[in-house]
Number of protein chains: 2
Amino acid sequence: MKISAQEEYGLRCLVQLASAGEGESLTLPQIAEREGISQSNAGKLMWLLSKAGFVHATRGTKGGYSLSRPAEEILLSEVVKVLDDDEIEGHCNSYTGVMDSCVHTGDCGIRSVIVGLHEIVQNALSNVTLSQLVGTEKKVDERFHRIQRLGGGVARTEK
Amino acid sequence: MKISAQEEYGLRCLVQLASAGEGESLTLPQIAEREGISQSNAGKLMWLLSKAGFVHATRGTKGGYSLSRPAEEILLSEVVKVLDDDEIEGHCNSYTGVMDSCVHTGDCGIRSVIVGLHEIVQNALSNVTLSQLVGTEKKVDERFHRIQRLGGGVARTEK
DNA sequence: TGCAATCTTGACTGAAAAGTAAAGATTTGA
DNA sequence: TCAAATCTTTACTTTTCAGTCAAGATTGCA
């Protein structure tokens, strides 16, 4: 269970925009530099985010990208869903086997676990907004754990 | 956030062994056939599981694989950890950027989220045993959701 | 108008994951 | 001892994912 590079860096780019402040915009070179990635790569990510409606792009001199909505209203679950090609629907359509269809079509115990895990992750991420990722690692860490303990997240009993 | 083919199919092979019953063993051809995957692929997966100590392999005629421990004692979190190369440690060592090291070394808000998510998933999986995945999809689904609602899992408030 | 800054798009390249194949090693039993 | 059944190991091929590049399109400004 891994987060893909696309998910991670797409999210990072959004956080950069959120850090820039409400209504502020950043250019591709700026984003690339702040995130330490190539301009090409940033370009592709921003294009995805633009297509998905998270950011608004303006061309020409003085152009750049800005958030389409306030960072307080953007949920991590939405972002991840887009950057990950919304996997879970149709998970069973791409099976690894040699047969015409997945041998477990119809009755498959593992499917419950895979779908259930996806629900758990989405649920956890739906409690966090983009704006809550702005700040120092310490702050963000505190916020994230507090949120997960309260609003429908994980109630850790040990450790 | 995706489950890898290795995780999914490794787990499936273990479930096959668990379904076979306590102390029973299955050969590579049997596992491959029941799972609908090639024998080569099953061989690689079983080798990993064997190396990790989940199954015991015996060669020769009348050989095969059997679980090293009762299915009731094998946690999904352990299995996934092995099949996924225990990613999370050293996540920051493989960054995608152009720099000598990840530009966020030292202070990185996203890291909290990535590590936190990993914790949430591991926590959820640590409440489920291999034996609980044996049975019809309906049964397994009920079990999984009941478990996640109780023992430290997700408390869904909506939907 | 024309140039410079900027985003857009699709093709290309390289790397990692997934799956396959084949030869080797071990065990059983005739 | 020999052959058949079985797991083991390494190398190879294919597919998917990540990242790069270059040409194109749009906008602002002089």
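Every chain is numbered from 1 and lettered A, B, ... according to where its sequence line falls, protein lines coming before strand lines. These numbers were taken from a predicted model, which means no experiment stands behind them.
Listed by chain and number, the residues in a side chain to side chain donor-acceptor pair (under 3.5 Å) with A:Arg59 amount to none (sequence neighbours excluded). Not a single side chain to side chain donor-acceptor pair (under 3.5 Å) links B:Gln6 to another residue, sequence neighbours left out. In terms of the side chain to side chain donor-acceptor pair (under 3.5 Å) criterion, B:Glu72 has no residue partners (sequence neighbours excluded). Here B:Glu24 pairs with nothing under the salt bridge (Lys or Arg N to Asp or Glu O under 4.0 Å) rule; sequence neighbours left out. With sequence neighbours excluded, the residues forming a side chain to side chain donor-acceptor pair (under 3.5 Å) with B:Arg111 are A:Glu137, listed by chain and number. The salt bridge (Lys or Arg N to Asp or Glu O under 4.0 Å) test applied to B:Lys2 returns A:Asp84, not counting sequence neighbours. Contacts of B:Lys62 classified as side-chain contact (heavy atoms from CB on, under 4.5 Å), with partners at least two apart in sequence or in another chain: none. Take A:Ser25 and apply the side-chain contact (heavy atoms from CB on, under 4.5 Å) test, not counting sequence neighbours, and it matches A:Ser66.
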(request) Summarise how protein sits on nucleotides 24-30 of chain C as a single string, 5' to 3': B when a protein heavy atom is under 4.0 Å from the base, S for sugar-phosphate-only contact, - for no contact. (result) BBBBB--
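Listed by residue number, the members of residues 9-38 of chain B with any heavy atom below 4.0 angstrom from DNA chain D are B:Leu26, B:Thr27, B:Leu28, B:Pro29. Within a heavy-atom distance below 4.0 Å of DNA chain D, the residues of residues 39-56 of chain A found are A:Ser40, A:Asn41, A:Lys44.
Considering only heavy atoms from C-beta on, A:Val79 stays 4.5 Å or farther from A:Leu130 through its side chain.
Screening residues 32-55 of chain A for side chain to side chain donor-acceptor pair (under 3.5 Å), with sequence neighbours left out, gives A:Gln16-A:Glu35, A:Glu35-B:His104.
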